[in-house]
Amino acid sequence: MHQISKFDIYIFDCDGVILDSNQLKIDAMQRALESTISDLDKVKACVDYFRNNFGRSRFHHVDVFIEQFLELDKVTENKAKENILKEYSAQCKSLYLQSDITPGFIEFINQLSGKKYIASGSEQQELRDVFKARGLNVYFDEIYGSPTKKSDLVAGILKSGNSLNAVMFGDAISDLEASQVNNIEFIAYIPFSNVPVELAKRSQLANFKVIKTWSEISEG
């Protein structure tokens, strides 16, 4: 990988990369499930899946909950899906407003002169609203989120930027995979990751850099 300042495009995941929000969102999903599902063993199975597959959209996760874990009849499936998404979404905006920015992130992004984007599994309009409310939108050329799949978000960014000289920063396996599918560089930022050991191992096997602080790749 060449110097960090030499890329044309910088793509950031949000949760666990820009904001220390992973655990807050896991807790929010657990509360949303518990408001709808009484079987706590099934709730635990869903939360474990959510934690281990973080970075994918809430729509993906709830579909998997319904199809693989909750064993609901057809009559109640749609209502349960609607309730879980509604309860989770209601919590997310306030969680984003209170989440800390990861240490050193603002100093790091201020060093970058290329185009900067967010490609997140979080719901797109919700993310844009929160970043605007917090004044963080000014650091990015555009902010993208779900329901579009992350690998497709990255592909769209590369097309609009007309360059493959790009790097993605992520803390989830879905971030690594989105980078690999699009043949761009990846940097694993692991201090807030839900799967730091697995992500570090897979990133290193692919010859991608793993960092614990933004200062490790700063050039200032």
Side-chain angles (χ1 to χ4, degrees), residues 11-97 99 118-131 143-155 168 170-181 188-190 192-199 202:
I11 305 171
F12 296 86
D13 177 45
C14 176
D15 297 306
V17 175
I18 301 170
L19 299 178
D20 178 10
S21 48
N22 284 352
Q23 189 57 51
L24 292 173
K25 294 185 77 173
I26 291 168
D27 294 343
M29 182 59 80
Q30 180 168 337
R31 289 190 292 269
L33 284 159
E34 289 174 348
S35 72
T36 306
I37 305 300
S38 58
D39 189 325
L40 295 184
D41 288 335
K42 291 179 180 178
V43 169
K44 183 180 184 301
C46 292
V47 172
D48 287 345
Y49 178 87
F50 185 64
R51 178 183 295 107
N52 293 327
N53 293 275
F54 212 77
R56 302 184 188 278
S57 78
R58 67 191 63 175
F59 309 101
H60 161 85
H61 283 291
V62 175
D63 283 342
V64 171
F65 297 164
I66 297 294
E67 294 167 9
Q68 296 187 22
F69 299 115
L70 297 182
E71 300 176 333
L72 302 172
D73 59 63
K74 293 295 181 183
V75 177
T76 58
E77 273 186 5
N78 287 339
K79 185 64 175 176
K81 180 177 179 178
E82 179 184 328
N83 286 346
I84 294 167
L85 285 170
K86 181 180 178 181
E87 290 293 326
Y88 180 70
S89 298
Q91 298 178 67
C92 277
K93 188 169 184 179
S94 62
L95 293 178
Y96 271 141
L97 290 171
S99 298
I118 292 175
S120 173
S122 298
E123 200 277 324
Q124 181 168 283
Q125 192 57 52
E126 175 183 280
L127 204 57
R128 289 175 173 176
D129 290 345
V130 168
F131 269 63
I143 297 171
Y144 297 109
S146 63
T148 303
K149 190 167 65 171
K150 189 168 292 186
S151 59
D152 292 339
L153 293 176
V154 172
M168 182 165 188
D171 73 322
I173 300 301
S174 61
D175 302 324
L176 169 63
E177 292 174 344
S179 301
Q180 291 177 309
V181 165
Y189 178 73
I190 63 170
F192 304 102
S193 174
N194 296 318
V195 288
V197 175
E198 182 183 1
L199 180 62
R202 288 182 57 174

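From a predicted model like this one, the values you see are computed outputs, not experimental measurements. The residues of the chain are indexed from 1 along the displayed sequence.
Rounding to the nearest 0.5 Å places CZ of F192 at 10.5 Å from CG of L19. Within the model, atoms CZ of F50 and CD of Q30 stand 11.0 Å from one another, a figure rounded to the nearest 0.5 Å. With values rounded to the nearest 0.5 angstrom, L85 atom CG is found 9.5 Å from F65 atom CZ. Within the model, atoms CG of L176 and CD of E198 stand 9.5 Å from one another, a figure rounded to the nearest 0.5 Å. A distance of 10.0 Å separates CD of E77 from CG of D63, quoted to the nearest 0.5 Å. In this structure, the separation between CG on N52 and CG on N194 is 7.5 Å, given to the nearest 0.5 Å.
The existence of a salt bridge linking D48 and K44 is confirmed by a sub-4.0 Å separation between a basic side-chain nitrogen and an acidic carboxylate oxygen. Using a cutoff of 4.0 Å between basic side-chain nitrogens and carboxylate oxygens, E177 and R202 are scored as salt-bridged. In summary, E71 and K42 engage in a salt bridge, as defined by a charged side-chain N under 4.0 Å from a carboxylate O. Salt-bridge formation is not detected for the pair E82/K86: no Lys NZ or Arg NE/NH1/NH2 atom is positioned less than 4.0 Å from an Asp or Glu carboxylate oxygen.
A distance-only check finds no donor-acceptor pair linking the side chain of S120 to the backbone of D13 [under 3.5 Å]. Q91 places a side-chain N or O within 3.5 Å of a backbone atom of E87 that can act as its donor or acceptor partner. Panel note: side chain S193, backbone A172; no donor-acceptor pair is recorded below 3.5 Å. Looking only at distances, no side-chain donor or acceptor of S21 sits under 3.5 Å from a matching main-chain atom of L24. Proximity of a side-chain donor or acceptor of H60 to a complementary backbone N or O of K149 within less than 3.5 Å is not detected. Using a distance-only test at 3.5 Å, with no hydrogens or angles considered, no donor-acceptor pair links the side chain of R51 to the main chain of I26.
At least one side-chain heavy atom of D171 sits under 4.5 Å from a side-chain heavy atom of N22. Within the 4.5 Å cutoff, the side chain of L199 has heavy atoms near those of the I173 side chain. Side-chain contact between F131 and I18 is present, with at least one heavy-atom pair separated by less than 4.5 Å.
For Y144 against Q124, the heavy-atom pair with the smallest separation is CA-OE1, 3.5 Å. Summarising the geometry of I84 relative to A32, their closest heavy-atom pair is O-CB, 3.7 Å, with the distance given to 0.1 Å. Heavy atoms only, all atoms of each residue included: Y189 and G16 are closest at CD2-O, 3.3 Å. Between I143 and R128, the shortest heavy-atom distance links the atoms O-NE, 2.7 Å. Between S122 and K25, the shortest heavy-atom contact is OG-NZ, 2.8 Å. For the pair M168 and A119, the tightest heavy-atom approach, listed with the atom from each and the gap, is CE-O, 3.9 Å.
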Inset, instruction - Let me see the working for D175 and F54 under side chain to side chain contact (heavy atoms under 4.5 Å, CB included), right down to the final yes or no. - result: CA-CA 10 Å; D175 302 324; F54 212 77; over 6 Å; no
Inset, instruction - Output, in order, the C-alpha distance, side-chain angles, deciding distance and verdict of side chain to side chain contact (heavy atoms under 4.5 Å, CB included) for T36 and L72. - result: CA-CA 12 Å; T36 306; L72 302 172; over 6 Å; no
Inset, instruction - Check the pair N83, S35 against side chain to side chain donor-acceptor pair (under 3.5 Å), reporting the backbone distance first and the verdict last. - result: CA-CA 8 Å; N83 286 346; S35 72; over 6 Å; no
Inset, instruction - For Y96 and L127, run side chain to side chain contact (heavy atoms under 4.5 Å, CB included): C-alpha distance rounded to whole Å, both residues' side-chain angles, the deciding distance at 0.1 Å, then the answer. - result: CA-CA 8 Å; Y96 271 141; L127 204 57; 3.8 Å; yes
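Between C92 and the options M29, E123, R58, a side chain to side chain contact (heavy atoms under 4.5 Å, CB included) holds for only R58.
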